[in-house]
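Structure, as structure tokens:
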Amino acid sequence: MTTEETTQVATEPLGDWRRDTNCGVPRLEHVGREFTAMGWVATRRDHGGIVFIDLRDRTGILQVVFDPDDSPDAHRRAHGLRSEWVIAVRGRIAARPAETVNPDLPTGQVELRVQELRVLGSSRALPFALDDDDQTNESVRLKHRYLDLRRPRLTHNLLSRHRATSAVRRYLDEQGFVDLETPILTRSTPEGARDYLVPSRVNPGSVYALPQSPQIFKQILMVAGFERYYQVCRCFRDEDLRADRQPEFTQIDLEMSFVGQEDVLRLTEGLLVAGASAIGAPPPETPFPRMTYHEATTRFGTDRPDTRFGLELVELSDLLRETKARILAEVVARGGIVSGIVADDGARLSRRELDELVAWVQTLGAGGLAWIRANEDGWQSPLAKFFDEGERERICERTGLRVGGVLFLVAGPRKHAQSVLGQLRLRLAQMLGKIPEGRWNYLWVTEFPLLEENAEAKRLVAVHHPFTAPFEEDLDKLESAPESVRALAYDVVLNGTELGGGSIRIHRPEVQARVFRALGIDPEQQREQFGFLLDALSFGAPPHGGLALGLDRLCMLWLGESSIRDVIAFPKTQRAADPMSDAPAPPAPGQLRDLGLRPI
RNA sequence: GGGGUCGUAGCUCAGCUGGUUAGAGCGCCGGCCUGUCACGCCGGAGGUCGCGAGUUCGAGCCUCGUCGGCCCCGCCA
């Protein structure tokens, strides 16, 4: 039978039938009631003399029974039903015989005995099975996303996401926030991610940019006097994709006037409690632990530490200044550091696994990875022969290295060595099974530096963005020691993933001018790039600050998924394409001409 | 831009050292079946081995290129 023939099954109109129960609803208390249910044929079990259908709607599954004793006509027609047909059934709820109760279904104690059947829609044979454990290639699933979304797990994910979003909106509404929209067609801003550009037909040669975030507009809304703004808004960044990065993603974006950092953090904690509770994840305990940027990078090698396990970094530079392992001593002499991680059960790793780690670290661009394995009969290490007795004792004392453990060492410029160890730490935790299940470690990282050296541009750039306020007490170092100035910026982290971040903004024009000067942005550039914000700030700007949270990532973590694609209805592939609609596509003839564009 | 990995029936996969007519499970189609819930039993259809070159007497298998999925580095203020 061909596909075309399959689709030629006669379907019936809905007529005056109306649904009066959902599939997930009926229980023993409904026995004897007459119901009309509608949904999709999830599975059929045709025994000839009797036919069972699992009927599915978004609320769950109900077993419906076609028995000739109830209706010979419905029973005869039930043989023709197929997977994913849409049907309406009318009948009576009955208790199942005791031995046929299905404990795996919430409705498993009852069934609907069908008196009348209407076939509302037929279905072609499916391109893939709608099981939660189906491993079908993702491009096939995305091409038929409407089918993929019928899988209970994805249905559950999107319904849960809706509950979380609704709860967040309710929470912010209660806190006096106003939901305001900002432009999607906006102006490209310098630095940051690559923009998606939209050419303007009525202004040939000019383009809009899609917003990377509504940053400037929400600050202007503060100047406009709205005091508290929020938006669940789409943001666009034309960068390469990852499991937790899509070209368009959703932020919970908010901004508040007349507040300091503490107010934003407390409000955000409440928001996360509301969202987690609504989605069914454990609500976090508040207040969240705090950690400075300095502590995070020193102890964990990253500004988004996963504190669910140890394996912390230990610096050894001062012990190894004079060591005969020249490869280490030279790095210290040049101003770099030697830092390490002890895995107290690291001896479980085979020589081969250790070698693979060394090779892997090299792919991160590190000079190398040294390891010291503390065996019963002494140290085993490519560097063992360089260390004398005193050094060994001091290293063990500092790091806690004991028999059965392995010490991993990385030497290099401070930032780089820490970052490599931070990544090694995560990898070790995975290999050694040190990441506990069911832990939800929320954490604030604070006191980010305001500015940092950009290696490529060889100048200072803003760590957060150019409107981030410096610490008041660090202001006098802005010219003398700009890199030591701390920012009133903060990130919220969950289990090593950055959920979002924000800052208190500069609302005083003279401070903004000094920061621009430190960034090397001259007044002409300031006007050109940020003129409208500077204008706004000059007309009575309240102190203000805010933050943005990645809603997709939040839902992913709360729901235990490993990709944000599983919490987005219509995500894109790694090449930023949509296999269902075939976007992006070449422009139609004439479209480019209308826009005043020519292919290069 | 770079690294890794995968691509064989609708789906998931097997396919030995390059050798006859490319297999399995699920799904699909037909038949039987009155208590199943991964129903069962019998039968059947279904293949551009991603695509293109090359090597070879001979390529699903080897080489090169290319397209696509996923993971990662760079990138993501």
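Just so we're on the same page: letters track the sequence lines, and every chain starts at 1. Only this structure's heavy atoms are used, side chains among them; waters, hydrogens and symmetry mates stay out.
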Which nucleotide, if any, forms a Watson-Crick or G-U wobble pair with B:rU56, using both distances under 3.5 Å? none
Where each residue is assigned the nucleotide of RNA chain B containing its nearest heavy atom, which of A:E452 and A:L126 is assigned the position nearer the 5′ end? A:L126
Once hydrogens and angles are ignored, does a donor-acceptor distance under 3.5 Å link the base of B:rC28 to the side chain of A:R124? no
Counting only Watson-Crick pairs (N1-N3 plus N6-O4 or O6-N4) and G-U wobbles (N1-O2, O6-N3), all under 3.5 Å, who is the partner of B:rG30? B:rC42
A:I61 CD1 - B:rC37 P separation (whole Å): 15 Å
Can you check the distance between B:rU12 and B:rC70, where both ends of the measurement are the C1' atom (answer in whole Å)? 16 Å
For A:E99 and B:rU34, what is the distance between atoms CD and P respectively, to the nearest whole Å? 17 Å
Short side-chain N/O contact from A:R82 to OP1 or OP2 of B:rC28, under 4.0 Å: no
Would you jot down, in residue-number order, the residues of residues 567-574 of chain A having a non-hydrogen atom under 4.0 Å from RNA chain B? A:T573, A:Q574
For B:rU21 versus B:rG31, give the span between their C1' atoms, rounded off to a whole number of Å. 29 Å
If I pick the C1' atom on B:rA14 and the same atom on B:rC29, what distance separates them, to the nearest angstrom? 25 Å
When you measure only distances, ignoring hydrogens and angles, does the side chain of A:R245 come within 3.5 Å of the base of B:rC75 through a donor and an acceptor? yes
Any residue meeting salt bridge (Lys or Arg N to Asp or Glu O under 4.0 Å) with A:R575, in chain and number order, not counting sequence neighbours: none
Upstream residue (5' side of RNA chain B) when A:T43 and A:R304 are each assigned their closest nucleotide: A:T43
Let me know the distance between CZ of A:R459 and C1' of B:rA77, rounded to the nearest Å. 11 Å
Please state the P separation for the pair B:rG40 and B:rG3 - nearest whole angstrom. 48 Å
Examine A:H464 together with A:F448 and report whether their ring centres are nearer than 6.0 Å. no
Between B:rG18 and B:rG60 - P atom distance, rounded Å: 13 Å
Taking only side-chain nitrogens and oxygens of A:R45, does any of them come within less than 4.0 Å of OP1 or OP2 of B:rC39? yes
For A:D46, answer base if it contacts any base atom (sugar-phosphate contacts may also be present), sugar-phosphate if it contacts only those atoms, and nothing otherwise; contact means non-hydrogen atoms under 4.0 Å. base
Can you tell me the Watson-Crick or wobble partner of B:rC76, both distances under 3.5 angstrom? none
Is it the case that the side chains of A:Y229 and A:D253 hold a donor-acceptor pair, with the cut-off being a distance below 3.5 Å and no angle test? yes
P-based separation of B:rC62 from B:rU5 [nearest Å]: 14 Å
For RNA chain B, find the residues of residues 518-530 of chain A with a heavy-atom distance under 4.0 Å and give them by number; none if there aren't any. none
Hunt down the Watson-Crick or G-U wobble partner of B:rC13, both distances under 3.5 Å, from any strand shown, or write none. B:rG23
Lys/Arg cation over aromatic A:F570: A:R145, 6.0 Å, 45° cone: no
Looking at residues at least two apart in the chain, or sitting in another chain, which of them share a salt bridge (Lys or Arg N to Asp or Glu O under 4.0 Å) with A:R194? A:E239
Do the ring planes of A:H47 and A:F52 sit parallel (below 30°), tilted (30 to 60°) or perpendicular (above 60°)? perpendicular
Rounded to whole angstrom, note down the C1' distance from B:rG27 over to B:rG35. 25 Å
Between A:N102 and A:Q63: side-chain donor-acceptor atoms closer than 3.5 Å: no
When you compare B:rC37 with B:rC41, how far apart are their P atoms, in angstrom units rounded to a whole number? 12 Å
Any-strand Watson-Crick or G-U partner of B:rG65, both distances under 3.5 Å: B:rC51
Given B:rG35, B:rC73, B:rC28, the nucleotide with the shortest approach to the side chain of A:Q423: B:rC73
Does the base of B:rU36 carry an N or O that pairs as donor and acceptor with the side chain of A:R44 under 3.5 Å? no
Distance-only donor-acceptor test, A:D54 side-chain atoms vs B:rC37 base atoms, 3.5 Å: no
Over how many whole Å does the gap from A:D104 atom CG to B:rA38 atom P extend? 7 Å
Within less than 4.0 Å of OP1 or OP2 of B:rC71, is there a side-chain N or O belonging to A:R565? yes
Can you label the angle between the A:F532 ring and the A:F217 ring as parallel, tilted or perpendicular, going by 30° and 60°? tilted
At under 4.0 Å between heavy atoms, what does A:S419 touch on the DNA or RNA strands: base, sugar-phosphate, or nothing? nothing
Of the nucleotides B:rU36, B:rC72, B:rC11, which one has an atom closest to the side chain of A:F128? B:rC11
Take the protein atom CG of A:L147 and the nucleotide atom C1' of B:rC11, then report the distance between them rounded to whole Å. 13 Å
Spell out yes or no: do the side chain of A:R242 and the base of B:rG74 have one donor N/O and one acceptor N/O closer than 3.5 Å? yes
So what does A:E111 touch, heavy atoms closer than 4.0 Å: a base, only the sugar-phosphate, or nothing? base
Counting the atoms with a prime plus P, OP1 and OP2 as sugar-phosphate, which does A:Q63 contact under 4.0 Å by heavy atoms, base, sugar-phosphate, or nothing? base
Base of B:rC76, side chain of A:R237 - is there a donor-acceptor contact under 3.5 Å? no
When the distance from CG of A:D240 to P of B:rC76 is rounded to whole Å, what number comes out? 11 Å
By the 4.0 Å heavy-atom rule, please label A:V463 as base, sugar-phosphate, or nothing. sugar-phosphate
Sequence neighbours excluded, the answer for side chain to side chain donor-acceptor pair (under 3.5 Å) partners of A:D195 is A:S188, A:Q212
Can you see whether A:S213 engages A:Q251 through a side-chain donor-acceptor pair at a distance of less than 3.5 angstrom? no
In the structure I gave you, are the side-chain heavy atoms of A:R153 and A:E561 within less than 4.5 Å of one another anywhere? yes
How would you label the contact of A:P68 with the nucleic acid (heavy atoms, under 4.0 Å): base, sugar-phosphate, or nothing? base
Can you name the salt bridge (Lys or Arg N to Asp or Glu O under 4.0 Å) partners of A:R505, sequence neighbours left out? A:E255
Nearest whole angstrom, please: distance from the C1' of B:rU5 to the CG of A:N137. 13 Å
Among B:rC28, B:rG69, B:rG35, which nucleotide sits nearest the side chain of A:R575? B:rG69
Which part of the nucleic acid, if any, lies within contact of A:T136, taking any heavy atom under 4.0 Å across all strands shown: a base, the sugar-phosphate backbone alone, or nothing? sugar-phosphate
Expressed in angstrom and rounded to an integer, what is the separation of A:F66 atom CZ from B:rU34 atom P? 17 Å
Where the side chain of A:H47 is concerned, which of B:rC73, B:rC37, B:rC33 is the nearest nucleotide? B:rC33
Which of parallel (below 30°), tilted (30 to 60°) and perpendicular (above 60°) describes A:F467 and A:H465? tilted
Indicate, with a heavy-atom threshold strictly under 4.0 Å, whether A:A462 touches base, sugar-phosphate, or nothing. sugar-phosphate
Any non-hydrogen side-chain atom of A:I435 less than 4.5 Å from a side-chain atom of A:Q430? yes
